[in-house]
Student: 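Next up is a structure, given as structure tokens.
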Amino acid sequence: MNSLKHALLLCSLLVLSCLGPSGAAAKEELMGKTSVGDLTVFILSDGYRDLDAKLFLATDPSQQAAVKEIYPQGKTRNSLNTFLMKSAGKLILVDTGGGALLGPDAGGLPKALAAAGFSPGDITDVLLTHNHRDHIGGLALDGKAAFANATVHLSKAEHDFWMNPANEATVAERARTTFVATREMLALYPGKVRTFEPGQEQFPGVKTLAAYGHTPGHIAVLVSSKGDNLLIFGDLLHGIDLQLARPDIAIAFDSDPAAAVASRKTLLSRAATEKWSVTGVHVPGPDTYRIQAKGDGFAFVR
């Protein structure tokens with residue numbers, strides 16, 4: 001990332017942190033895109049939500065000071081991005097946003113798809129990073145399958161955990177709605193849900209990587225073509241401006257905070273070493289970034 005792009009990112013973070021509940025400015029940019037070799041990846045906005053900075057698990061004075069410095073108002077505007085690409089005749093959507101499950105500030109994906117020149121009926125495959133409501137809620141539209149022609153793909157660990165009601169007592173209360181959402185959303189795609197083990201290509205140039213910890217089967221997606229690589233890291237970072245420099249800070253949404261921290265450090269280290277571009281569901285933009293190792297964390301490449 002050059003100095004101008006870094007400056008623009010910092011400006012956008014400041015603007016987003018000051019926006020009011022209407023969020024009009026957050027919805028102006030519906031779509032961005034980037035090239036990864038011969039592949040074009042569209043970054044589509046489903047909307048946003050505001051998060052209390054106290055959700056970041058700052059457990060020591062150094063972490064607490066970092067959260068306060070980055071989020072002096074105690075809140076952060078959290079983007080809800082999805083990703084679209086073509087591969088071998090398939091039109092693949094990575095995550096679906098929150099749709100109606102998150103209320104009026106989400107549900108913008110159909111409009112963003114149109115801005116990119118596509119319709120929901122064009123989607124052949126949906127690849128889920130995990131099953132939290134802000135990632136699977138967009139599978140439904142008006143109570144029906146939003147992507148009637150699509151097959152839904154998710155990791156076996158993720159599917160099996162959230163589809164087993166016996167696991168409900170093992171998670172924090174805030175996560176229990178995920179069991180209901182998983183059953184309801186996947187039921188809209190009878191016979192069209194496929195599970196996989198991470199570490200393999202799901203489609204040519206589209207590989208899944210285990211990134212467990214945020215949820216039991218959370219994955220990241222590596223898009224590769226002609227030596228270019230883009231890591232879509234899902235929910236490894238909820239605050240790129242905080243957790244990039246301080247990857248040791250987890251968030252309350254993590255089912256296993258220690259494992260989530262380990263996954264974040266591992267994949268960000270690979271991205272920095274192998275010079276991958278990175279992006280994620282909850283980063284401002286829509287945009288992609290290059291990172292480098294810096295101390296115990298990472299920083300933007302300027």
Student: Is any side-chain heavy atom of F161 closer than 4.5 Å to a side-chain heavy atom of S255?
Tutor: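 In short, these two side chains do not touch, never coming nearer than 4.5 Å.
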Student: So if you build clusters from Ile, Leu, Val, Met, Phe, Trp, Tyr with side-chain heavy-atom gaps below 4.5 Å, do F179 and L139 land together?
Tutor: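 No: no chain of side-chain contacts under 4.5 Å links F179 to L139.
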Student: With a 4.5 Å cut-off on side-chain heavy atoms, are I43 and T279 touching?
Tutor: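 Side-chain contact under 4.5 Å: yes.
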Student: Enumerate, atom names and distances included, each donor-acceptor pair closer than 3.5 Å involving a side-chain atom of residues 225-232, sequence neighbours excluded.
Tutor:
residue: S225; atom: OG; partner: D38; partner atom: N; Å: 2.8
residue: K226; atom: NZ; partner: D38; partner atom: OD1; Å: 3.4
residue: K226; atom: NZ; partner: D38; partner atom: OD2; Å: 3.3
residue: D228; atom: OD2; partner: G37; partner atom: N; Å: 3.1
residue: N229; atom: OD1; partner: S224; partner atom: OG; Å: 2.5

Student: For the side chain of T178 and the backbone of A175, is there at least one donor-acceptor N/O pair under 3.5 Å apart?
Tutor: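 Checked: pair present.
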Student: Please confirm whether the backbone N or O of A166 pairs with a side-chain atom of N164, one donor and one acceptor, at under 3.5 Å?
Tutor: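 The answer is yes, because a donor-acceptor pair under 3.5 Å joins these two groups.
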Student: More than 12 foreign heavy atoms under 6.0 Å from NZ of K192: is that the case here?
Tutor: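 Count over threshold, so yes.
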Student: Judged by atom type as modelled, is there a donor-acceptor pair below 3.5 Å linking the side chain of E69 to the main-chain atoms of A65?
Tutor: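 No; zero donor-acceptor contacts below 3.5 Å.
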Student: Quick check: does any side chain N or O of D256 sit under 3.5 Å from a backbone N or O of A259, one acting as donor and the other as acceptor?
Tutor: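 Yes: the side chain of D256 pairs with the backbone of A259.
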Student: Under 3.5 Å, is there a donor-acceptor pair between the side chain of S277 and the main chain of T288?
Tutor: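 Here the side-chain-to-backbone pair does not exist.
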Student: Taking F147 as the starting point, is it possible to reach I136 by hopping between hydrophobic residues whose side chains are less than 4.5 Å apart?
Tutor: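 Same cluster: I136 reaches F147 through Ile, Leu, Val, Met, Phe, Trp or Tyr contacts under 4.5 Å.
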Student: Say you draw a straight line from OG1 of T170 to CZ of R176; how long is it, rounded to the nearest 0.5 Å?
Tutor: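 Spacing of OG1 (T170) from CZ (R176) equals 8.5 Å.
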Student: Do other residues, nucleotides or ligands put more than 12 heavy atoms under 6.0 Å from D142 CG?
Tutor: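 Not buried by this count: 12 neighbours or fewer within 6.0 Å.
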Student: Is there a donor-acceptor contact under 3.5 Å from the side chain of E158 to the main chain of N131?
Tutor: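 A pair under 3.5 Å: yes.
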Student: So, D122 side chain and S119 main chain: donor-acceptor pair closer than 3.5 Å or not?
Tutor: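 Yes.
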Student: Indicate, with yes or no, if V221 and L91 share a hydrophobic cluster defined by side-chain heavy-atom contacts under 4.5 Å among Ile, Leu, Val, Met, Phe, Trp and Tyr.
Tutor: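 As far as the 4.5 Å side-chain criterion goes, V221 and L91 are not connected within one cluster.
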Student: Is the shortest heavy-atom distance from the side chain of T151 to the side chain of R194 under 4.5 Å?
Tutor: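 Yes. Closest side-chain heavy atoms under 4.5 Å.
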Student: How about E173: does its CD atom have over 12 heavy atoms from other parts shown lying under 6.0 Å from it?
Tutor: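 Not more than 12 within 6.0 Å, no.
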Student: Is the side chain of R49 donor-acceptor paired with the backbone N or O of N78 at a distance under 3.5 Å, no angle test?
Tutor: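 Looks like no, no N/O pair under 3.5 Å.
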Student: Are K75 and D50 within salt-bridge range, i.e. N to O under 4.0 Å?
Tutor: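 Salt bridge between K75 and D50, a charged N being under 4.0 Å from a carboxylate O: no.
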Student: To the nearest 0.5 Å, what is the distance between CE (M85) and CG (D125)?
Tutor: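 Reported to 0.5 Å precision, the distance equals 11.0 Å.
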Student: Quick one: does I92's side chain get under 4.5 Å of L84's, heavy atoms only?
Tutor: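 They are not in contact (no side-chain heavy atoms under 4.5 Å apart), so the answer is no.
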Student: With side chains defined as the heavy atoms from C-beta onward, is the minimum distance between T182 and L186 less than 4.5 Å?
Tutor: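 T182 reaches L186 side chain to side chain.
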Student: Less than 4.5 Å apart, any side-chain heavy atom of V206 and any of E201?
Tutor: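 They are not in side-chain contact.
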Student: Would you give the length of the straight line joining atom CZ of R246 to atom CZ of F298, rounded to the nearest 0.5 angstrom?
Tutor: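 The distance works out to 13.0 Å.
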Student: Taking a hydrophobic cluster as the set of Ile, Leu, Val, Met, Phe, Trp and Tyr residues connected by side-chain heavy atoms closer than 4.5 Å, whether directly or through intermediates, do I70 and L51 fall within one such cluster?
Tutor: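 I70 clusters together with L51.
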Student: Should we say atom CD of Q200 is surrounded by more than 12 heavy atoms from elsewhere, each under 6.0 Å from it?
Tutor: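 More than 12 heavy atoms, drawn from other residues, nucleotides or ligands, come within 6.0 Å of this atom.
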Student: Side-chain contact test, heavy atoms from C-beta onward, threshold under 4.5 Å: evaluate it for D134 versus H282 and give yes or no.
Tutor: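 D134 vs H282: side chains touch.
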Student: Considering residues at least two apart in sequence or located in another chain, which fulfil the side-chain contact (heavy atoms from CB on, under 4.5 Å) criterion with L57?
Tutor: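 A250, A252, P257.
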Student: Sort out for me which residue in Y189, F203, F196 forms a ring pair (Phe, Tyr, Trp, His ring centres under 6.0 Å) with H153.
Tutor: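 Of the listed options, the one satisfying the test is F203.
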Student: Out of curiosity, does V283 fall in the hydrophobic cluster containing I291 (side-chain heavy atoms, cut-off under 4.5 Å, transitive links)?
Tutor: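 Yes, because I291 and V283 connect within a single hydrophobic cluster, where side-chain heavy atoms sit under 4.5 Å apart.
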Student: How long is the straight-line distance from CG of L80 back to CG of L44, given to the nearest 0.5 Å?
Tutor: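 Answer rounded to 0.5 Å: 12.5 Å.
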Student: Do the two ring centres, one from H218 and one from H135, sit under 6.0 Å apart?
Tutor: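 Not under 6.0 Å, so no.
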Student: For the residue pair V281 and F83, establish whether any side-chain heavy-atom pair is separated by less than 4.5 Å.
Tutor: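 The answer is yes; the side chains approach within 4.5 Å.
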Student: Please round to the nearest 0.5 Å and tell me the distance separating atom CZ of F42 and atom NZ of K86.
Tutor: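 Between atom CZ of F42 and atom NZ of K86 there are 7.5 Å.
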Student: To the nearest 0.5 Å, tell me how far L128 CG sits from T82 OG1.
Tutor: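 One finds 11.5 Å between CG of L128 and OG1 of T82.
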Student: Is the centre of the H214 ring less than 6.0 Å from the centre of the F253 ring?
Tutor: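 Between F253 and H214, which both carry aromatic rings, the centre distance is not below 6.0 Å.
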Student: Considering the options D235, T215, V94, L154, which one meets the side chain to side chain contact (heavy atoms under 4.5 Å, CB included) requirement together with T129?
Tutor: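 Single side chain to side chain contact (heavy atoms under 4.5 Å, CB included) partner of T129 among D235, T215, V94, L154: V94.
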Student: Given 3.5 Å as the limit, does a donor-acceptor pair link the side chain of N81 with the main chain of S45, or not?
Tutor: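 No, N81 side chain to S45 backbone: no donor-acceptor pair under 3.5 Å.
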Student: Report yes or no: does T195 contribute a side-chain atom to a donor-acceptor pair with the main-chain N or O of K156 at less than 3.5 Å?
Tutor: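 A pair under 3.5 Å: no.
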